[in-house]
Student: 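Here it is: the structure, laid out below.
Side chains included, hydrogens not; waters and symmetry mates left out as well; all remaining heavy atoms used. Just so it is clear, the structure is predicted and the values come from calculations on it, not from any experiment. Numbers here simply count residues along the sequence, with the first being 1. Both ligands and their constituent atoms are indexed starting at 1 by order of listing.
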Amino acid sequence: MNNAHTTPLYVVVLAAGQGKRMNSALPKVLQPLAAKPLLEHVLQAAQPLDPDKVIVVYGHGGEAVQACFEGRKLTWAHQAEQKGTGHALAQALPHLSAQGIVLVLYGDVPLLQTHTLEQLIQPARDALVLLTQQIPEPGGYGRILRDEQRRVVGIREEKDASPQEKQIQEVNTGIMAMPAVHLSKWLERLTCANAQGEYYLTDIVASAVADGVAVRAVQPAHDWEALGVNDKRQLAQLEAIWQRQQAESLLCRGVTLADPERLTVRGTVTCGRDVMLDVGVILEGDVTLEEGVSIGPYCVLRNCTIGAGTVVHAYTHIEGARLGPDNRVGPYARIRPGTITQQAVHLGNFVEVKNCTIDQATKANHLTYLGDSSLGARVNVGAGTITCNYDGVNKHRTQIGDDVFIGSDTQLVAPVTVESGATIGAGSTIVRTAPAAQLTLSRSRQQTIPHWKRPLKK
Ligand code: UD1
Ligand code: CA
């Protein structure tokens, strides 16, 4: 099925470990990195390889893991007891066919790049291929053993290593690929006669050497790719690396970042040229920023499109909205789902907009709530205007025509229509249609009491 090779490809993700050191009720592989579970990152790196099957070996918190990936094309293999990585891979054996290539990934190694995985599976048709890495402080990792000809002959786990072997700086990342045809016999030969009493997958290297199967080592393109997550500190480190990569990618696409260290991306960003992002911006879900968009400090944008040349000022939240070109939004505006604006719309400070269509050049500059409304072009919404869209049971719409002027502190009690060119006097409560091109107001008359005196203190 996969186009890189005619041999079937099986991806096995080992994800049964408990992750005790996370100190969390959430299974380790569901911990979020850039708002997505660790396991999701692993699956997304493998997906472009077009594998014939993806088998997830699960154990701890299994139901939660399966529920999180419900409806996905995954094969689940249960490892009831965690008896080591070799034992874990053995649980996937019933799902493999002998002709295939097997790629072993870890559910808690989320930053691997597809390119690196390709390097691993290409030679794996007739060799056992290990992803190894030089690490100055290799403590904790399995060490790669090589003979005088520099051929890989084995992997020694830290706990089983001699002081001399502990000096070795080339480590096993755990990621490997091999022809499926050898796997079941190699796994059968594993014993748990080692310091941890576990079935080490790493021991298959010695088997490959004994069977005359070549063992190769390839290295990841970046030294951070094979980093694993065991605790919240490492999770934070990987998050920082991931975010740095997002920032790099935006910079390469011509985005100006006030500070690449102070941008957070939790999704996919599509960007035009000359976009500017100030510090503390958070972009979530699918965000499109067209050419020349400027986003001020500490804005949160989720699943939205911002039209060319639009300026979003500080501390603004935008979700599920599509803003037109040359809009001015914020500071401190909240634009909620279902909002669609045309050109040159202004939504100022403390303005909340939900499920509204707003035509060009319309302005609501201060302290306003617009909900379930359609506003025509060139409308001026005065400060403190509220659409009363909710009667406690149902939501109702407010229709505002072109060139309407709404005086400050107006309540529009929906369902209600303000026709084109109407003017609403400040302080009005509008409950019926305000006719076109006329002044409508509802306001008790101002009076002055003559000769009135303030009471005096007794
Ligand atoms: C393993 C390697 C070691 C390597 C290191 C890299 C072995 C014996 N050792 O060690 O050479 O340097 O990874 O991080 O393979 N898992 C299961 N079931 C189990 C045990 C583990 O599914 O019974 C999964 C874990 O969820 C995890 C992965 O396998 O995703 C690795 O397990 P872990 O215990 O972290 O491996 P290490 O002992 O650190
Ligand atoms: Ca272990």
Student: Do any nitrogen or oxygen atoms of Y106 lie less than 3.5 angstrom from nitrogen or oxygen atoms of ligand 1?
Tutor: yes
Student: Flag the pair E40 and R72 as a salt bridge only when some basic side-chain nitrogen lies within less than 4.0 angstrom of an acidic carboxylate oxygen.
Tutor: yes
Student: Would one find more than 12 heavy atoms of other residues, nucleotides or ligands at under 6.0 Å from atom CZ of F350?
Tutor: yes
Student: Atoms of ligand 1 less than 4.0 Å from A15 heavy atoms?
Tutor: 22 (O), 26 (O)
Student: Suppose I only count heavy atoms of G142 and a 4.0 Å limit; which atoms of ligand 1 are within that range?
Tutor: 3 (C), 4 (C), 11 (O), 12 (O)
Student: Provide the number and element of each atom of ligand 1 under 4.0 Å from a heavy atom of K83.
Tutor: 23 (O)
Student: Below 3.5 Å, N or O to N or O, backbone or side chain included: is there any such pair between D108 and ligand 1?
Tutor: yes
Student: Any nitrogen or oxygen of I155 lying under 3.5 Å from a nitrogen or oxygen in ligand 1? Just yes or no.
Tutor: no
Student: From atom 26 (O) of ligand 1, work out which of G59, A77, G17 has a heavy atom at the shortest distance.
Tutor: G17
Student: Hey, looking at atom 23 (O) of ligand 1, which of A16, G84, A88 has the closest heavy atom?
Tutor: G84
Student: Which atoms of ligand 1 are found less than 4.0 Å from any heavy atom of E157?
Tutor: 2 (C), 3 (C), 7 (C), 8 (C), 9 (N), 10 (O), 11 (O)
Student: Can you label the angle between the Y315 ring and the Y298 ring as parallel, tilted or perpendicular, going by 30° and 60°?
Tutor: parallel
Student: With distance as the sole test, does T310 use its side chain to make a donor-acceptor pair with the main-chain N or O of D326 at under 3.5 Å?
Tutor: yes
Student: Kindly assign one of parallel, tilted or perpendicular to the pair F69 and W76, based on the angle between their ring planes and the thresholds 30° and 60°.
Tutor: tilted
Student: Considering only heavy atoms, does Q79 approach ligand 1 within less than 4.0 Å through its side chain, its backbone, both, or neither?
Tutor: side chain
Student: Could a heavy atom of V171 be found less than 4.0 Å from some atom of ligand 1?
Tutor: no
Student: Of the backbone atoms (N, CA, C, O) and the side-chain heavy atoms from C-beta on, which set of H87 has a member under 4.0 Å from an atom of ligand 1: side chain, backbone, both, or neither?
Tutor: neither
Student: Can you tell me if CZ on R328 sees more than 12 non-hydrogen neighbours from other groups inside 6.0 Å?
Tutor: yes
Student: With sequence neighbours excluded, what pairs up with Y10 under the ring pair (Phe, Tyr, Trp, His ring centres under 6.0 Å) test?
Tutor: none
Student: At less than 4.0 angstrom from any non-hydrogen atom of Y200, what atoms of ligand 1 do you find?
Tutor: 8 (C)
Student: Using a strict cut-off of 4.0 Å, indicate which atoms of ligand 1 neighbour a heavy atom of T85.
Tutor: 7 (C), 8 (C), 15 (O), 20 (C), 21 (C), 29 (O), 31 (C), 32 (O)
Student: Count the heavy atoms belonging to other residues, nucleotides or ligands that lie under 6.0 Å from NZ of K20, then report whether that count exceeds 12.
Tutor: no
Student: May I ask you to check if ligand 1 and E81 share an N or O to N or O distance below 3.5 Å?
Tutor: no
Student: Could you tell me which atoms of ligand 1, counted from 1 in the order shown, lie closer than 4.0 angstrom to a heavy atom of T173?
Tutor: 6 (C)
